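Only a predicted model underlies this, so the values are computations on that prediction, with no experimental measurement involved. These numbers come from the heavy atoms of this one structure, side chains and all, not from hydrogens, waters or symmetry mates.
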Amino acid sequence: MPQPTKSARLQLLDGNKNKKNVKELQKRAEKEEKLKMGNSKINAPKWLDKEGKKAFKFLKNELVSINLLDNADVYNLALYCDAYSEYMIYSKILKDDGYVETIDVTEYDYDEKNVLVQEKKLHSRRAHPLAAKLDKVALRMRTLGNDIGLSPSARAKLAISLADGDEDDEDY
């Protein structure tokens, strides 16, 4: 299984354990620098609920402190935090209710003249309806997280594609 892509700057700091071309890594690190924008207008939108705003504030502080979040990411981060909030709501309900629910079902038997012969009360078990929604929200979080570069591999992949596009540069 291949390893996730690491940013060039991180590879250089780690001592270039993969023995990549140093000039190539430096070029990629410069491209990663060019991807940065301003970060003075990163505020949680008013439509986020309390849990979403809390997640937004945490992620904003963490990502800004290492220069990985900028003004262009505000709404994507907000969508991620909204999905996170939704995930937390569903998780709590599922933990309280259980992942499997029991429902009462009544089964009726009729004779050939369509007269009720017997009525049976049955208990049926099925997955909680929110279990599927929880999975969809988790997938949405993962997709949004990758889109805004919440994982190191997502950020590094973008830098690699930019560095590969500039093969003709004669900087070094």
Side-chain angles (χ1 to χ4, degrees), residues 1-7 10-11 14 17-18 32 35-37 39 41-162 164:
M1 183 173 187
Q3 292 181 345
T5 308
K6 240 187 205 183
S7 75
L10 188 58
Q11 285 184 31
D14 282 348
K17 294 175 185 171
N18 292 331
E32 289 170 3
L35 293 174
K36 293 184 179 167
M37 298 178 198
N39 62 8
K41 299 177 183 175
I42 302 173
N43 299 311
K46 293 178 182 177
W47 49 264
L48 275 177
D49 65 7
K50 183 180 176 182
E51 191 70 35
K53 285 181 181 177
K54 184 177 169 185
F56 189 98
K57 182 179 178 183
F58 170 76
L59 288 172
K60 172 192 168 184
N61 291 337
E62 292 297 313
L63 295 173
V64 166
S65 72
I66 55 173
N67 297 320
L68 294 177
L69 185 68
D70 56 47
N71 295 334
D73 299 322
V74 170
Y75 292 104
N76 283 334
L77 179 59
L79 288 172
Y80 175 87
C81 292
D82 187 50
Y84 169 77
S85 175
E86 192 177 339
Y87 184 90
M88 297 307 291
I89 291 167
Y90 292 160
S91 268
K92 183 179 180 338
I93 293 170
L94 281 168
K95 285 177 184 168
D96 292 345
D97 292 354
Y99 285 87
V100 177
E101 66 180 6
T102 302
I103 57 171
D104 294 327
V105 179
T106 305
E107 194 175 275
Y108 303 98
D109 289 333
Y110 296 93
D111 63 10
E112 52 281 337
K113 293 182 181 178
N114 210 19
V115 175
L116 180 63
V117 175
Q118 186 178 8
E119 183 178 308
K120 297 179 194 173
K121 298 282 185 185
L122 303 172
H123 301 290
S124 179
R125 294 171 55 91
R126 67 176 183 191
H128 197 290
L130 287 181
K133 286 187 176 188
L134 187 73
D135 287 343
K136 286 181 182 177
V137 171
L139 182 60
R140 193 167 77 219
M141 285 176 61
R142 183 176 177 147
T143 302
L144 287 165
N146 282 333
D147 286 351
I148 60 174
L150 282 181
S151 70
S153 63
R155 291 184 298 277
K157 283 179 188 176
L158 184 55
I160 286 173
S161 67
L162 283 174
D164 288 346

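Within 6.0 Å of OH on Y87 lie no more than 12 heavy atoms contributed by other residues, nucleotides or ligands. Residue Y99 places its OH atom among more than 12 non-hydrogen atoms of other residues, nucleotides or ligands, all under 6.0 Å distant.
With contacts defined as side-chain heavy-atom distances shorter than 4.5 Å, the pair E119/K121 qualifies. Side-chain atoms of E86 and K133, non-hydrogen and from C-beta on, never get closer than 4.5 Å to each other. Between C81 and L59, some side-chain heavy-atom pair lies under the 4.5 Å cut-off. Annotation: side chain of H123 is in contact with side chain of D104 (closest heavy-atom distance under 4.5 Å). K120 is not listed as a side-chain neighbour of T106, based on a closest heavy-atom distance of 4.5 Å or more. Within the 4.5 Å cutoff, the side chain of K136 has no heavy atoms near those of the L139 side chain.
Between the CG atom of L79 and the OG1 atom of T143 there is a distance of 12.0 Å, given to the nearest 0.5 Å. The CG atom of D82 sits 6.5 Å away from atom CG of D49, with the distance rounded to the nearest 0.5 Å.
Of all heavy-atom pairs between F56 and V74, the closest is CE1-O, 3.6 Å.
Side-chain atoms of N71 come within 3.5 Å of backbone atoms of K41 as a donor-acceptor pair (strictly under, hydrogens ignored).
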